[in-house]
Participant: 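The following block contains the structure, expressed as structure tokens.
Because the structure is predicted, anything quoted here is derived from the model rather than measured.
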Amino acid sequence: MTAKEIRMSGALVVRHRRTLETLLTRARIETALGRLPAEEREEFLHASTLSWVRIPTMEAVFRALAEDAKRDPAELHVEVVKRSVADNVGGVWRLLLRFHGDDSLVARLPRVFSRAYDGGRVSPVTVGEGVGTFKVEDWPGMPEYARRGLAAGGEEVLRLAGRLDAHIKCTSPAGADPMMFQVTWRV
């Protein structure tokens with residue numbers, strides 16, 4: 001029996017496309033995507049708020065875009081995720097985040113995760129002053145792309161909520177299930 005391929009929300013892909021157009025320009029994106037197989041290019045370009053996109057497609061897109069822009073794909077991915085989160089959490093929501101306690105922020109993580117991916121699940125494990133842990137279960141072989149995106153997005157939410165020096169680090173080896181993450185921040 002093979003494991004279900006877990007995919008990323010099309011809504012996130014739409015947000016990433018907008019952010020990438022701001023960073024790299026539409027012309028540069030079209031040039032880079034032209035080197036991808038048609039199936040991957042179309043999956044990325046036609047993602048909608050109601051669709052799901054395969055993670056290998058997103059990895060290929062970021063590799064192609066980074067190569068064209070002469071950037072590191074992982075660094076480009078982190079920048080796009082953080083900018084996308086900041087753009088998505090605007091105005092009133094940003095202000096409201098600042099009134100949430102640490103427990104409340106961590107308690108929302110499973111719901112946010114379930115909207116971002118169509119499989120796996122997040123469970124908070126511990127929350128203390130300036131430190132916490134959570135785990136991703138039911139996703140054996142969680143790819144580096146997803147681990148990096150989850151960490152970058154979580155760090156940006158914490159920053160927007162007024163937590164300083166927020167860092168999220170995966171502490172499990174590749175292929176582990178559950179995948180453990182450590183979170184640190186200053187208030």
Side-chain angles (χ1 to χ4, degrees), residues 3-49 51-89 109 112-113 115-120 122 134 136 139-160 165-184:
K4 173 188 172 220
E5 180 180 36
I6 296 175
R7 300 166 299 169
M8 183 174 164
S9 161
L12 289 178
V13 175
V14 168
R15 175 60 72 182
H16 285 12
R17 277 196 321 244
R18 284 187 210 138
T19 303
L20 284 163
E21 286 180 10
T22 301
L23 284 173
L24 303 176
T25 76
R26 186 174 292 186
R28 174 169 256 165
I29 291 169
E30 288 174 5
T31 299
L33 294 180
R35 292 190 294 271
L36 291 177
E39 179 183 358
E40 289 177 335
R41 182 176 54 250
E42 296 303 312
E43 185 178 12
F44 175 73
L45 291 174
H46 296 295
S48 74
T49 56
S51 67
W52 296 94
V53 176
R54 294 174 305 119
I55 290 173
T57 295
M58 294 304 296
E59 291 172 320
V61 165
F62 273 92
R63 273 193 311 272
L65 293 171
E67 181 181 319
D68 187 71
K70 297 180 180 17
R71 295 195 50 190
D72 178 75
E75 289 174 6
L76 178 62
H77 179 217
V78 168
E79 182 177 358
V80 167
V81 168
K82 288 188 175 194
R83 283 183 180 223
S84 294
V85 168
D87 290 345
N88 199 40
V89 181
L109 188 56
V112 171
F113 183 88
R115 290 181 177 195
Y117 299 101
D118 69 346
V122 165
F134 66 89
V136 176
W139 194 350
M142 182 181 188
E144 174 63 26
Y145 177 91
R147 294 191 310 263
R148 184 176 51 244
L150 177 60
E155 287 174 359
E156 187 63 13
V157 167
L158 288 168
R159 185 190 71 77
L160 295 169
D165 299 324
H167 296 286
I168 299 178
K169 178 183 175 184
C170 181
T171 59
S172 298
D177 188 24
M179 190 69 62
M180 298 298 297
F181 291 81
Q182 181 176 26
V183 187
T184 59

Participant: How long is the gap from CZ on Arg148 to CE on Met142, to the nearest 0.5 Å?
Facilitator: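 Spacing of CZ (Arg148) from CE (Met142) equals 11.0 Å.
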Participant: Can you tell whether the side chains of Arg147 and Glu144 come within less than 4.0 Å, N to carboxylate O?
Facilitator: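 Glu144 and Arg147: salt-bridged.
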Participant: Restricting to non-hydrogen atoms, name the atom on Pro143 and the atom on Ile55 that form the minimum distance, rounded to 0.1 Å.
Facilitator: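 Closest heavy-atom pair between Pro143 and Ile55: CG-CG2, 3.9 Å.
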Participant: Side chains of Phe44 and Val53: closer than 4.5 Å at any heavy-atom pair?
Facilitator: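 They are not in side-chain contact.
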Participant: Please report the shortest heavy-atom distance between Gly120 and Ile6, naming the atom on each side.
Facilitator: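 Between these two residues, the closest heavy atoms are N-CD1, 3.5 Å.
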Participant: Using every non-hydrogen atom in the two residues, find where Ala64 and Leu36 come nearest and quote the distance to one decimal.
Facilitator: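 Taking every non-hydrogen atom into account, CB-CD2, 4.0 Å.
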Participant: Just by modelled atom types, is the Ala47 backbone N or O under 3.5 Å from a matching donor or acceptor in the Arg17 side chain?
Facilitator: yes
Participant: Indicate yes or no for a side-chain donor-acceptor contact from Glu40 to the backbone of Ala60 under 3.5 Å, with no hydrogens or angles considered.
Facilitator: no
Participant: With side chain to side chain contact (heavy atoms under 4.5 Å, CB included) as the test, would you mind laying out the steps for Lys4 and Asp118 before giving the verdict?
Facilitator: CA-CA 10 Å; Lys4 173 188 172 220; Asp118 69 346; 3.6 Å; yes
Participant: Surrounding CZ of Arg35 (heavy atoms of other residues, nucleotides or ligands, distance under 6.0 Å), is the total greater than 12?
Facilitator: yes
Participant: Anything under 3.5 Å between a donor and an acceptor, one on a side chain of residues 166-179, the other on a protein residue two or more places apart or in another chain? List them.
Facilitator:
{"residue": "Thr171", "atom": "OG1", "partner": "Met180", "partner atom": "O", "Å": "3.3"}
{"residue": "Ser172", "atom": "OG", "partner": "Met180", "partner atom": "N", "Å": "2.7"}
{"residue": "Asp177", "atom": "OD1", "partner": "Asp138", "partner atom": "N", "Å": "3.1"}

Participant: Quick one: closest heavy-atom pair of Glu5 and Pro56, and the distance?
Facilitator: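 Distance-wise, the nearest heavy atoms are OE2-CD, 3.7 Å.
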Participant: What's the spacing between Thr184 OG1 and Glu155 CD if we round to 0.5 Å?
Facilitator: 8.0 Å
Participant: Which value, rounded to the nearest 0.5 Å, describes the distance between Lys82 atom NZ and Leu160 atom CG?
Facilitator: 10.0 Å
Participant: Looking only at heavy atoms, what is the nearest atom pair of Ala69 and Leu24, with distance?
Facilitator: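 For Ala69 versus Leu24, the nearest heavy atoms are CB-CD2, 3.9 Å.
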Participant: Can you tell whether the side chains of Arg18 and Asp87 come within less than 4.0 Å, N to carboxylate O?
Facilitator: no
Participant: Who are the ring-ring contact (aromatic ring centres under 6.0 Å, His included) partners of His16, not counting sequence neighbours?
Facilitator: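 Partners of His16 by the ring-ring contact (aromatic ring centres under 6.0 Å, His included) criterion come out as none, since no residue qualifies.
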Participant: Say you draw a straight line from CZ of Arg15 to CZ of Arg83; how long is it, rounded to the nearest 0.5 Å?
Facilitator: 13.0 Å
Participant: To the closest 0.5 Å, what do you measure between CG (Leu76) and CD (Glu67)?
Facilitator: 12.5 Å
Participant: Let me see the working for Phe181 and Leu109 under side chain to side chain contact (heavy atoms under 4.5 Å, CB included), right down to the final yes or no.
Facilitator: CA-CA 12 Å; Phe181 291 81; Leu109 188 56; over 6 Å; no
Participant: Val61 versus Glu43: any side-chain heavy-atom pair under 4.5 Å?
Facilitator: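 In short, these two side chains do not touch, never coming nearer than 4.5 Å.
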Participant: Kindly compute the distance separating CH2 (Trp139) from CZ (Phe113), expressed to the nearest 0.5 Å.
Facilitator: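 Answer rounded to 0.5 Å: 5.0 Å.
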Participant: Would a 4.5 Å heavy-atom cut-off, applied to side chains only, mark Val136 and Tyr117 as touching?
Facilitator: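 Result no, sub-4.5 Å side-chain heavy-atom pair not found.
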Participant: Could you tell me if the side chain of Glu21 sits less than 4.5 Å from the side chain of Ile29, heavy atoms only?
Facilitator: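 Touching, per the 4.5 Å side-chain cut-off.
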Participant: On a heavy-atom basis, which atom in Val85 and which in Gly153 lie closest, and how many Å separate them?
Facilitator: CG2-CA, 4.0 Å
Participant: Answer with yes or no whether the side chains of Arg28 and Thr25 bring together a donor and an acceptor at under 3.5 Å.
Facilitator: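 Looking only at side-chain atoms, Arg28 and Thr25 do not form any donor-acceptor pair under 3.5 Å.
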Participant: Kindly state each residue pair satisfying ring-ring contact (aromatic ring centres under 6.0 Å, His included) with at least one member in residues 63-89, sequence neighbours excluded.
Facilitator: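 Found Phe62-His77, His77-Tyr145.
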